[in-house]
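To keep things clear, I will list the structure first and then write my remarks on it.
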Amino acid sequence: MPYTDHIFTDYRRRCAELEASTNPFAEGIAWVGDDYVPVSDAKIPLLDQGFLKSDLTYDVPAVWNGRFFRLDEHLDRLEASMRKLRLTSPIPRQEIRYRLVEMVSLSGIRDAYVMVIVTRGLRYLRQYAPEDCPNHCYLMVTPYLWVMGEDIQKAGGSAVIARSVRRVPPGAVDPRVKNLQWGDFTYAILEARDRGAMYPILTDGDGNLTEGSGFNVVLAKDGQLFTPRRGVLEGVTRKTVLTLAERLGYAWVIDEIPVQMAYDCDEIMFVTTAGGVMPITTLDGAPVGDGNVGPVTKALWKAYWDAHSDPEFSFPINYR
Ligand SMILES: *Cc1c(COP(=O)(O)O)cnc(C)c1O
């Protein structure tokens, strides 16, 4: 039995139930400042500086099997990002939290990808100071998204170390502020595809690893975990994985990680809310370790998904 079955069998059943649902929000629900609407009807105004200049921050918590996972950690990070960009949500944190839970409940979606976006708002900033611009908040709940699909998770995915582009430096765009300035990632994804792989890992241009397009990178070597300190978003998934690793007896290090280490390590994992712990078994066309999903990845994969039913990390949603 593949190591993933105990999670995916139940998940597939829930997906079939959602597919059969007649709930008008079953494919997703959005809030753009007024009534709730099906996500495919939601519209943003063209003048929003979030659209015109990517002047925004956002966060993505998830719901799994009817339980919100680490919602408060995601809202903490959102607030820190807003402070850094001097954005203020038009609705306070408690209302964001309340509405997200309400939206999941209204949609009936048991496994959800949830997005909160706070943008600068609807004025031309060449005429107005940023502080005179009322900021906007957009909320959206859709069925769970997988950065890596089920079949690929079983066998492991393929990645490249991007050569044609580096991660934008922290002195230009602070990567700890979750942002949608995806120029570097987009270019790196195109390069990965050109080189016959699925995912890119970006470097800092100085010989160290940073992260990939929406996920942190964790290496395992001799039973110890290594993950980059600088030039990365401080992921909630990574934090969770390191907490669980400690309980399983794996030591970990957050530090500068030389690119060479990715070629020398035993296992590579990509970690993100939209996909969990994702094994990478091919790097630059060569096998990672022995080319199979390794024991550390399997142990963390299981611990990570099991944590979703643990009240320490999640709380249940009352569906209507
Ligand atoms: C969201 C994101 C991650 C993963 O963060 P989580 O909190 O684990 O979902 C990693 N890198 C980037 C660039 C991201 O946008």
Side-chain angles (χ1 to χ4, degrees), residues 50 54 56-64 68-82 84-85 100 111-118 140-142 144-148 153 157 159 162 165-170 172-189 192 198-204 208-219 225-245 252 254 257 268-280 297 300-301 303-305 307-308 313-314:
S54 199
L56 58 79
T57 186
Y58 77 113
D59 219 290
V60 177
V63 173
W64 187 257
F68 241 119
F69 189 66
R70 310 215 82 171
L71 175 57
D72 294 304
E73 279 77 6
H74 286 277
L75 294 178
D76 286 346
R77 185 173 65 190
L78 178 72
E79 287 193 323
S81 296
M82 288 193 302
K84 172 105 193 195
L85 296 180
L100 292 179
D111 309 283
Y113 176 93
V114 177
M115 207 168 185
V116 183
I117 311 169
V118 179
M140 158 170 111
V141 172
T142 61
Y144 191 81
L145 286 181
W146 295 96
V147 170
M148 180 185 286
Q153 287 195 49
V165 62
R166 53 163 293 184
R167 183 82 176 106
V168 68
V173 177
D174 186 345
R176 295 168 304 175
V177 174
K178 200 168 169 76
N179 68 76
L180 290 170
Q181 302 190 16
W182 267 50
D184 51 356
F185 290 147
T186 302
Y187 206 69
I189 291 168
M198 296 169 206
Y199 309 95
I201 301 174
L202 284 77
T203 75
D204 64 359
N208 301 300
L209 301 174
T210 63
E211 60 186 338
S213 39
F215 46 81
N216 289 117
V217 176
V218 179
L219 311 179
L225 302 176
F226 298 85
T227 183
R229 178 175 59 80
R230 200 162 168 276
V232 304
L233 182 81
E234 292 168 349
V236 174
T237 313
R238 181 173 84 163
K239 188 174 156 192
T240 307
V241 163
L242 297 181
T243 300
L244 298 169
W252 52 264
I254 299 183
I257 308 295
I268 299 179
M269 285 156 257
F270 292 167
V271 301
T272 176
T273 297
V277 177
M278 305 177 293
I280 294 298
T297 305
L300 290 172
W301 196 98
Y304 180 73
W305 287 105
H308 285 68
F313 298 107
S314 66

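Just follow the structure's listing: the first ligand is 1, and inside any ligand the first atom is 1. Bear in mind the structure is a predicted one, so any value in this text is a computation, not a measurement. For this chain, numbers begin at 1 and follow the sequence in order.
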(request) Identify the residue among N208, T210, D184 that makes a side-chain hydrogen bond (donor to acceptor under 3.5 Å, both in side chains) with R167. (result) D184
Nitrogen or oxygen contacts under 3.5 Å, ligand 1 side and protein side:
from	atom 1	to	atom 2	distance (Å)
ligand 1	7 (O)	R77	NH1	2.8
ligand 1	7 (O)	R77	NH2	3.0
ligand 1	7 (O)	V236	N	2.8
ligand 1	8 (O)	V236	N	3.4
ligand 1	8 (O)	T237	N	2.9
ligand 1	8 (O)	T237	OG1	2.6
ligand 1	9 (O)	T273	N	3.0
ligand 1	9 (O)	T273	OG1	2.6
ligand 1	11 (N)	E211	OE1	2.7
ligand 1	15 (O)	K178	NZ	2.7

(message) Counting neighbours of CZ on R230 that are heavy atoms of other residues, nucleotides or ligands and sit closer than 6.0 Å, is the number greater than 12?
(response) no
(request) Answer yes if the side chains of W301 and Q153 hold a donor-acceptor pair under 3.5 Å, and no otherwise. (result) yes
(message) Given F69, which partner from the list W64, Y304, Y144 fulfils the ring pair (Phe, Tyr, Trp, His ring centres under 6.0 Å) test?
(response)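 Of all the options given, the one that passes is Y304.
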(message) Would you say that H74 contacts V116 through its side chain, given a criterion of any heavy-atom pair below 4.5 Å between the two side chains?
(response)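 H74 does not reach V116 side chain to side chain.
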(message) Tell me whether D174 is salt-bridged to K84, with the criterion being a basic N under 4.0 Å from an acidic carboxylate O.
(response)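 Between K84 and D174 there is a salt bridge, with a charged N closer than 4.0 Å to a carboxylate O.
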